[in-house]
2 protein chains.
Amino acid sequence: MIHVTIKDVAKRLNVSVSTVSRAFNDKYDIKKDTKELILKTAKEMGYHPNPIAKKLSQNKSFNIGVVIPEFMNSYYSEIVIVLQEFFISKGYQVLLMQSDENEEQELKNVKTLINNMVDGLIIAPTVGYRNRPYFIEKYNEGYPIVFLNRIDETLPASKVIFNNVKWSFFATEHLIRQKYKKIYHLSGYNNLCVSSERIEGYKKAMNKHKFPKENYKIIETGLLAEEGMEVIEDLIFHHDIPDAFFCVNDMVALGAMKKLKDNGFKIPDDVALVGFTETRIAKLVTPELSSVRQPTHDMAKKAGEILLNRINNPDSETETIVFNGEFNIRKSSVRDFSIPPI
Amino acid sequence: MIHVTIKDVAKRLNVSVSTVSRAFNDKYDIKKDTKELILKTAKEMGYHPNPIAKKLSQNKSFNIGVVIPEFMNSYYSEIVIVLQEFFISKGYQVLLMQSDENEEQELKNVKTLINNMVDGLIIAPTVGYRNRPYFIEKYNEGYPIVFLNRIDETLPASKVIFNNVKWSFFATEHLIRQKYKKIYHLSGYNNLCVSSERIEGYKKAMNKHKFPKENYKIIETGLLAEEGMEVIEDLIFHHDIPDAFFCVNDMVALGAMKKLKDNGFKIPDDVALVGFTETRIAKLVTPELSSVRQPTHDMAKKAGEILLNRINNPDSETETIVFNGEFNIRKSSVRDFSIPPI
DNA sequence: ACCGTTTCCGAAACCGTTTCCGAAAACCGA
DNA sequence: TCGGTTTTCGGAAACGGTTTCGGAAACGGT
């Protein structure tokens, strides 16, 4: 239990602490023999460098702050796993905080992390735009930050995002090709940029195919299954069920699907459904849910790389990486398999 | 960007650094006036104590290591959220690592955390028993560790666990009461203690009601939906579908449900299903899945409290807390609503 | 006015590293 | 052999706090 320090090793070998330190950090001049001897006896003695002392003397925390909006969808879990692995392998630790889709919580999280002297931040913002100015201020002060998903392309900062417009356009157009005539969009939150972008893609497709006004509608829902359910209940009450829904995410789609099935609607014959940001549950429900898959793994890794680069090279360029996905068409949106899907 | 230190504050007020330090740590003698003055000007100057320096001088990292087996089921996400919140509020940071159900990875995780000088560990072990001796060794050396879920009651260490035997007994007996005559158990991993315990509960119920051998069977599956699906395929191939399944978790149950439905089985009329460790998806599938809910939130919080207590009070007693749950009966296992469920 | 407490504060050691500076040692070519 | 480089290493300051120790100041009672 007693911690053996660099001094103990130095004393044992009658060398100075600086020499021992050098043995552990290649970058300084040290004879190969002594280096090996030191490493060997250090190992025998059970010496491990104290990371805290290292942090203090190097004025670096070797900590990365990661702020995510929520944890319940597997999307962010996966991102966290990738980031953890990436940063650990580079000698950093990840401090994770989640904001529970709450702007105040998010601000607190970021401030906590900055006070804890993280060397950099990866932020997947929560719903709302209130904290934007603060983030940008920090970014402009030179604080290494990479934004991930949930941020619009125009933000003047490094970011890794998904091409929501394009893929929601595809998803919507797929429904149109399948000859659904009345297609509603369950859109998440109005003050959430991924919602806006998915709305834009939806509108683009609907306009391209000249859908009349009464056949399309955008309904704000939130991001949870329960909210999808509520909307369907409401629509049923008003006898306003269209023949297809394009949903902001899988959870809302699954909530909607459940309520529709419970009320006797056949899917996809009466009503079709398409989700977004594919979860593993998409393939577990009946019928299986069509959804747009995001390259979560690659997006997270890229964000890590950009951040690390910025930390080690403070005046590196601002980078914006836009990822593309994959539209997985399943039974929930295919009434007629003879039609080419896209 | 320039960091203002305790010395700057001291110089500005012509006091010593020790006085400033005292102002920030109540425990030492300091006049109320000077304390307030110091805090005020410190704030004006934008001073924040450097947590790294504090860690070094106090020989504490104020870090807690949390090791979980996986991240894809919402169960551990929820646990992580609770632990994060709890420890942050106590001035600690959480270092999270996940083992991907891999023993070697788990050992690496724990060692990494110990080398990083975490003040304590919360471990939800992965599948397998190989790392047990190492954990116990550390525990006996006095390292503060609390085990969470996935550990058997006999382990001589502090732990927070769920009464799997009892609740899987209930779940199984519920199926029996519903007059299902041939009930199979999809059991997870043989070298996973929660599996063993759930098997035990299942057996207890089956034996109590004197089920003949041919009407029960335990099938090892793993913990993923895909594995549930594979087992069903296999059983269909061998014309060996029983009229009920009690499953080790919701994911396996959902995989099984999907495959059964795809093959024309009606649920719960032809086959009933019960899951465990309820996920939010249980209510999204058709029919809704019966499952045992665990008090995840309370379990995590308790684990945090025990650990903190042990850190601050090294010779506190070993504690074992066994939690109970709640059996949520839904349509997937109720053929006849006139029968009292339990 | 004096002495014993109590309150408050400064000096300095310490936590375990890294790193700058300079010096000793080794090496090299003429 | 000698002067100049290059290696290799030790000493000590620095990182930014906490904490022990002891002494000055304030206080309170006689």
Side-chain angles (χ1 to χ4, degrees), chain A residues 1-39 41-42 45-63 91-93 114-119 312, chain B residues 1-39 41-43 45-63 91 93 114-119 312:
Chain A
M1 267 321 263
I2 222 66
H3 249 112
V4 26
T5 74
I6 205 172
K7 281 179 199 160
D8 302 321
V9 180
K11 210 171 287 170
R12 171 85 90 93
L13 289 173
N14 268 325
V15 297
S16 74
V17 289
S18 37
T19 307
V20 179
S21 173
R22 276 187 278 255
F24 279 87
N25 304 282
D26 290 336
K27 47 185 168 180
Y28 281 89
D29 325 312
I30 186 170
K31 196 159 57 177
K32 206 178 165 207
D33 293 355
T34 54
K35 176 177 171 177
E36 280 167 4
L37 179 65
I38 289 174
L39 291 180
T41 57
M45 296 173 72
Y47 167 72
H48 288 284
N50 180 327
I52 298 174
K54 182 175 192 166
K55 290 169 191 196
L56 182 62
S57 76
Q58 303 207 138
N59 243 328
K60 268 191 78 169
S61 71
F62 292 96
N63 283 160
Y92 286 77
Q93 290 171 350
I114 290 180
N115 283 343
N116 276 292
M117 318 195 79
V118 291
D119 295 336
N312 294 325
Chain B
M1 267 321 262
I2 221 65
H3 248 113
V4 26
T5 75
I6 204 172
K7 282 177 200 161
D8 301 323
V9 180
K11 210 171 289 171
R12 170 86 91 93
L13 288 173
N14 267 326
V15 297
S16 72
V17 289
S18 38
T19 307
V20 179
S21 173
R22 275 188 278 255
F24 279 87
N25 305 281
D26 290 336
K27 47 186 167 179
Y28 281 90
D29 325 312
I30 186 171
K31 195 161 56 175
K32 207 178 162 208
D33 293 355
T34 54
K35 176 176 170 178
E36 280 166 5
L37 179 64
I38 289 174
L39 291 182
T41 57
K43 192 168 184 182
M45 296 175 72
Y47 167 72
H48 288 283
N50 180 327
I52 298 174
K54 183 173 193 166
K55 290 169 191 195
L56 182 62
S57 72
Q58 302 206 137
N59 242 328
K60 268 191 79 167
S61 71
F62 292 97
N63 283 159
Q93 290 170 351
I114 290 181
N115 282 343
N116 277 292
M117 318 194 77
V118 290
D119 295 337
N312 294 326

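In the text below, chain A, chain B and the rest are named by the order of the sequence lines, each starting its count at 1.
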Let's test your reading of the pairing rules: Watson-Crick or G-U wobble, both distances under 3.5 Å, then write DNA chain D as a dot-bracket string with ( ), [ ], | and dots.
||||||||||||||||||||||||||||||
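- For the pair Ser61(A)/Asn116(A), no side-chain contact is recorded, criterion being any heavy-atom separation below 4.5 Å from C-beta on.
- A straight line from CG of Asn115(A) to P of dG16(D) spans 16 Å, rounded to a whole angstrom.
- Side chains of Thr34(B) and Val15(B) form no contact here, defined as non-hydrogen atoms less than 4.5 Å apart.
- In this structure, CG of Asp33(A) is placed 13 Å from P of dA26(C), rounded to the nearest angstrom.
- Here CG of Asn63(B) is found 6.0 Å from CD of Gln93(A). Values are rounded to the nearest 0.5 Å.
- By the side chain to side chain contact (heavy atoms under 4.5 Å, CB included) test, Asn312(A) is found to be paired with Lys60(A), Tyr92(A), Leu308(A), residues two or more places apart in sequence or in another chain being considered.
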Per-nt protein contacts along nucleotides 9-18 of chain C (heavy atom under 4.0 Å; B base, S backbone sugar-phosphate only, - none) come out as BBB---BBBB
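- What separates CG of Asp8(B) from P of dC15(D) is a distance of 10 Å, to the nearest Å.
- Considering only heavy atoms from C-beta on, Lys54(B) comes within 4.5 Å of Asn25(B) through its side chain.
- With a 4.5 Å cut-off on side-chain heavy atoms, Asn50(B) and Thr5(B) do not count as touching.
- Rounded to the nearest 0.5 Å, atoms CD1 (Ile52(A)) and CZ (Phe62(A)) are 13.5 Å apart.
- Between the CE atom of Met117(A) and the C1' atom of dC15(D) there is a distance of 10 Å, given to the nearest Å.
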Give the intermediate values and the outcome of side-chain hydrogen bond (donor to acceptor under 3.5 Å, both in side chains) for residues Thr19(B) and Ser16(B).
CA-CA 5 Å; Thr19(B) 307; Ser16(B) 72; 3.1 Å; yes
